[in-house]
Amino acid sequence: MEMGSVGRAGEPTWTGLPPGLLRMRRLLLVVWLGLLTVAVGLLPGMFAGPVWALVALLPLALLLWGWVMLGRNWRSWRYAERADDLLISRGVLWREETVVPYGRMQLVEVTSGPVERHFGLASVQLHTAAAATDATIPGLDPAEAERLRDRLTALGEARSAGL
């Protein structure tokens with residue numbers, strides 16, 4: 001992506017998150033709520049009678065609701081590199097847009113926990129002097145995360161040197 005690129009009517013060019021993040025989050029949802037569904041269905045069913053096994057429908061309904069909500073949340077995340085700052089937008093009900101000026105960045109980290117590494121994902125975390133403006137872009141391809149880190153670091157150094 002070209003720095004400072006804009007789409008129609010002066011809008012920045014937004015980049016969404018890769019589908020690997022959605023797959024990872026949905027798998028974790030199925031594992032945890034699937035185990036809960038089995039436990040809640042088996043234990044009451046074995047000890048209190050088969051009718052009580054219907055309690056397992058609650059975590060199963062929660063799993064289905066979570067599946068849909070994870071998709072909506074994943075689609076809401078996006079970022080845009082502009083000439084002087086980075087925009088990060090997220091949120092379904094409460095839209096949150098963070099603007100991080102390149103000159104205010106103090107540290108740009110790429111992190112990847114064991115589950116993220118298994119799915120080939122990494123996160124970029126931006127630190128500024130004000131803790132309230134720290135921002136994270138989760139679930140990126142590691143090569144994109146490193147490219148973004150290097151680009152933001154270079155732009156941050158260039159902007160802060162000009163102050």
Side-chain angles (χ1 to χ4, degrees), residues 1-36 59 61-163:
M1 177 189 329
E2 198 174 305
M3 180 179 68
S5 61
V6 290
R8 58 186 156 83
E11 279 288 313
T13 303
W14 292 98
T15 304
L17 299 181
L21 179 66
L22 180 60
R23 280 193 299 272
M24 178 190 77
R25 288 181 175 173
R26 281 183 169 168
L27 178 66
L28 291 173
L29 177 76
V30 167
V31 167
W32 290 111
L33 284 179
L35 289 173
L36 183 63
L62 187 59
L63 188 145
L64 295 174
W65 178 78
W67 186 275
V68 172
M69 290 299 108
L70 283 173
R72 289 183 64 192
N73 180 268
W74 171 76
R75 283 187 300 277
S76 77
W77 276 87
R78 58 191 186 155
Y79 65 96
E81 298 172 62
R82 297 194 306 183
D84 295 318
D85 51 33
L86 177 73
L87 299 175
I88 302 171
S89 180
R90 63 196 168 281
V92 177
L93 292 177
W94 287 274
R95 170 71 67 202
E96 185 175 334
E97 192 166 291
T98 304
V99 179
V100 184
Y102 297 133
R104 302 291 176 141
M105 289 185 216
Q106 293 183 329
L107 175 68
V108 181
E109 291 181 302
V110 174
T111 60
S112 185
V115 176
E116 284 180 309
R117 279 194 308 274
H118 177 76
F119 283 88
L121 301 171
S123 296
V124 173
Q125 184 161 8
L126 311 159
H127 298 278
T128 63
T133 58
D134 286 357
T136 301
I137 304 173
L140 295 175
D141 178 69
E144 170 63 7
E146 290 175 14
R147 182 206 66 81
L148 192 57
R149 178 201 57 207
D150 294 344
R151 182 177 181 83
L152 295 176
T153 301
L155 288 168
E157 289 173 356
R159 297 298 192 278
S160 64
L163 291 177

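These numbers come from a predicted model, not from an experiment.
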List the residues meeting salt bridge (charged side-chain N to carboxylate O under 4.0 Å, His left out) with Glu97, not counting sequence neighbours, and say none if there are none.
none
Show the nearest heavy-atom pair for residues Val100 and Ala135, with the distance to one decimal.
CG2-CB, 4.1 Å
Looking at Ser76 and Gly91, what are the two nearest heavy atoms and their distance?
OG-N, 3.0 Å
Under a 3.5 Å distance rule, please check whether Glu116 uses its side chain to pair with a backbone N or O of Gly113 as donor and acceptor.
yes
Where the side chain of Arg26 meets the backbone of Trp67, is there a donor-acceptor pair that is under 3.5 Å apart?
yes
Just by distance, do the side chain of Trp14 and the backbone of Trp77 share a donor-acceptor pair under 3.5 Å?
no
To the closest 0.5 Å, what do you measure between CZ (Arg23) and CG (Leu28)?
13.0 Å
Does Val124 reach the side chain of Glu144, with side-chain heavy atoms less than 4.5 Å apart?
no
Evaluate Arg90 against Thr98 for side chain to side chain contact (heavy atoms under 4.5 Å, CB included), listing each step before the verdict.
CA-CA 9 Å; Arg90 63 196 168 281; Thr98 304; 3.4 Å; yes
Positive for side chain to side chain donor-acceptor pair (under 3.5 Å) with His127, one of Glu109, Arg104, Gln106:
Glu109
If you apply the rule side chain to side chain contact (heavy atoms under 4.5 Å, CB included), what do you find for Thr136 with Ile88, and how did you get there?
CA-CA 8 Å; Thr136 301; Ile88 302 171; over 6 Å; no
Atom of Gly139, atom of Ser123 and distance for their closest heavy-atom approach
N-OG, 3.7 Å
Polar side-chain atom of Arg75 near backbone of Val92 as donor-acceptor pair, under 3.5 Å:
no
How far apart are the closest heavy atoms of Leu86 and Tyr79, and which atoms are they?
CD1-CD1, 4.3 Å
I'd like to know if the side chain of Tyr102 reaches the main chain of Arg82, judged simply by a donor and an acceptor atom lying under 3.5 Å from each other, with no hydrogens or angles considered.
yes
Is there a donor-acceptor contact under 3.5 Å from the side chain of Arg117 to the main chain of Ser112?
yes
Tell me, do Leu155 and Arg151 make a side-chain contact under 4.5 Å, heavy atoms counted?
yes
Can you tell if the side chain of Val99 reaches within under 4.5 Å of the side chain of Leu87, non-hydrogen atoms only?
yes
For Asp150, which residues count as a salt bridge (charged side-chain N to carboxylate O under 4.0 Å, His left out) partner, sequence neighbours excluded?
none
Closest non-hydrogen atom pair between Leu63 and Leu29, with its separation:
O-CD2, 3.5 Å
